[in-house]
Amino acid sequence: LAERLGNAGFRWLVEECRKPGALGRPALDDPRTTDRLARLETELTGLRALCRALGAVLGLIVRGLVGWLERTLDGSPGPLRIAAQLPVGVAAGVLTVVGLIGGIILVAAWQHEVAALTVADDRVELAAGGHRRWMARDEIGEAFLGRGGELTFLDRRGRLLAAAGTDGVPKAGIARALTDSCYPWRGDADPYEAEYTRFVQGRGDVDPDVEALLRERAVARAEKRAPTARDLRLRLGEAGVVVRDNGDEQEFRPARHNG
């Protein structure tokens, strides 16, 4: 059932790409779209196969694993104990299905977080983490790949417009899409790398209002409230401060007019 649902979802995506877009032609006419669909199909198939294989292996070794946990830790997770009581063939089948479902969940989580970029003559759309940002051409001052491959757009005053991770997205394809449409692409490194400062609460090197937003954002990140952290990052950008993450810490710099 999960396999059929996944295939149906992929077919729906292909059908959507066959429909005329904003410029009157279907996305499938663009070789970049067909290349990305082919890579996506390969990635989905590979991840599902890997999780099925891991589930089958776990089903074969679950009894020995439970015994080892009982001897070593004086206990084992309830689901593993239940699986250990099943015949080996049944356990392998059950955990194969569990592995398949886990693979689908992992793929869904990855697709939710990774950037989806739409480049048109009059605007750029960037979607990631359930958030979509529309940027008109005359809004965009520059674009580049920042630390960790984060796709970053700044306005003409150097303030943050949007940013999203690009794990699994070909970097050359991003550059080609933006440069072919004559957007100001600055390359695969942050041109302002040397200007960032690590935020330390109470150091007094930022305005009180900015420090309050940075503190609030640090709490949101610690509590895994990603939408709140993203909104606060944009609010800081509106205040003339560009913020990025470096592990558990925040780094900031003043926005600089880029013409």
Side-chain angles (χ1 to χ4, degrees), residues 113-129 131-167 169 171-221 226-259:
E113 294 300 329
V114 77
L117 180 67
T118 303
V119 180
D121 291 339
D122 61 337
R123 93 282 184 191
V124 170
E125 293 180 56
L126 183 65
H131 176 76
R132 179 177 292 272
R133 179 71 162 89
W134 171 297
M135 296 166 281
R137 172 180 287 276
D138 57 7
E139 278 188 281
I140 299 172
E142 55 190 324
F144 53 84
L145 290 177
R147 174 171 290 176
E150 184 179 58
L151 179 57
T152 305
F153 289 88
L154 304 180
D155 67 14
R156 296 182 183 275
R157 295 171 60 185
R159 300 175 303 180
L160 182 68
L161 285 173
T166 58
D167 290 340
V169 181
K171 308 301 187 288
I174 294 173
R176 185 169 62 249
L178 291 168
T179 54
D180 286 354
S181 296
C182 299
Y183 285 95
W185 176 248
R186 295 290 299 273
D188 57 0
D190 192 331
Y192 306 102
E193 180 69 35
E195 300 181 16
Y196 284 93
T197 301
R198 181 168 59 93
F199 171 62
V200 179
Q201 183 176 339
R203 187 162 59 184
D205 52 353
V206 292
D207 292 338
D209 291 344
V210 171
E211 181 171 357
L213 290 174
L214 286 167
R215 287 201 309 269
E216 186 178 351
R217 186 170 183 272
V219 172
R221 293 188 68 222
T228 301
R230 182 192 62 239
D231 292 344
L232 288 168
R233 188 181 184 188
L234 294 175
R235 286 177 59 187
L236 284 159
E238 293 171 358
V241 178
V242 179
V243 180
R244 70 180 185 185
D245 298 324
N246 185 9
D248 293 334
E249 296 182 331
Q250 299 180 91
E251 297 176 338
F252 69 94
R253 65 172 179 83
R256 184 147 58 83
H257 195 285
N258 52 43

> Given E139 and R123, is the salt bridge (Lys or Arg N to Asp or Glu O under 4.0 Å) satisfied, shown in steps?
Replying inline: CA-CA 9 Å; E139 278 188 281; R123 93 282 184 191; over 6 Å; no

>> Evaluate R244 against E193 for side chain to side chain contact (heavy atoms under 4.5 Å, CB included), listing each step before the verdict.
In response: CA-CA 11 Å; R244 70 180 185 185; E193 180 69 35; 2.8 Å; yes

> Do V241 and V206 pass the side chain to side chain contact (heavy atoms under 4.5 Å, CB included) test, and can you show the C-alpha distance, the side-chain angles, and the key distance before you say yes or no?
Replying inline: CA-CA 10 Å; V241 178; V206 292; over 6 Å; no

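D180 meets the side chain to side chain contact (heavy atoms under 4.5 Å, CB included) test with R32, R176; sequence neighbours excluded.
Looking only at side-chain heavy atoms (C-beta outward), K171 and D188 stay at 4.5 Å or farther from each other. Between R221 and E249 the shortest side-chain heavy-atom distance does not fall below 4.5 Å. Contact of the L178 side chain with the F153 side chain is registered, since non-hydrogen atoms from C-beta on lie closer than 4.5 Å. Residues L154 and L161 are not in side-chain contact: their nearest non-hydrogen atoms beyond the backbone lie 4.5 Å or more apart. Between Y183 and R137, the closest side-chain pair of non-hydrogen atoms falls below 4.5 Å. A heavy-atom distance below 4.5 Å is not found between the side chains of T152 and R186.
L126 and A162 make their closest contact through CD2-CB, 3.9 Å (heavy atoms, listed as atom of the first residue, atom of the second, distance). Of all heavy-atom pairs between F144 and A189, the closest is CB-O, 4.0 Å. Across every non-hydrogen atom of G158 and A255, the tightest pair is O-CB, 3.3 Å. A pairwise comparison of heavy atoms in T228 and A220 identifies CG2-CB, 3.9 Å as the closest pair.
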May I have the list of side-chain donor-acceptor pairs in residues 209-216 shorter than 3.5 Å, sequence neighbours left out?
unit_1: E211; atom_1: OE2; unit_2: G202; atom_2: N; d: 2.8

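For the atom pair OG1 of T118 and CH2 of W134, the computed distance is 9.5 Å after rounding to the nearest 0.5 Å. In this structure, the separation between CD1 on I174 and CG on L117 is 6.5 Å, given to the nearest 0.5 Å. Within the model, atoms OH of Y192 and CD of E142 stand 3.5 Å from one another, a figure rounded to the nearest 0.5 Å.
When each of R147, R217, R198, R230 is paired with D245, the salt bridge (Lys or Arg N to Asp or Glu O under 4.0 Å) condition holds for R217 and for no other.
Residues D190 and Y196 have side chains that bring a donor and an acceptor to within less than 3.5 angstrom of each other.
A salt bridge links E125 with R132; the closest basic N to acidic carboxylate O contact falls under 4.0 Å. Between R233 and E150 there is a salt bridge, since at least one side-chain N of the basic residue sits less than 4.0 Å from a carboxylate O of the acidic one.
The main-chain N or O of G149 is found under 3.5 Å from a side-chain atom of T166 such that the two form a donor-acceptor pair.
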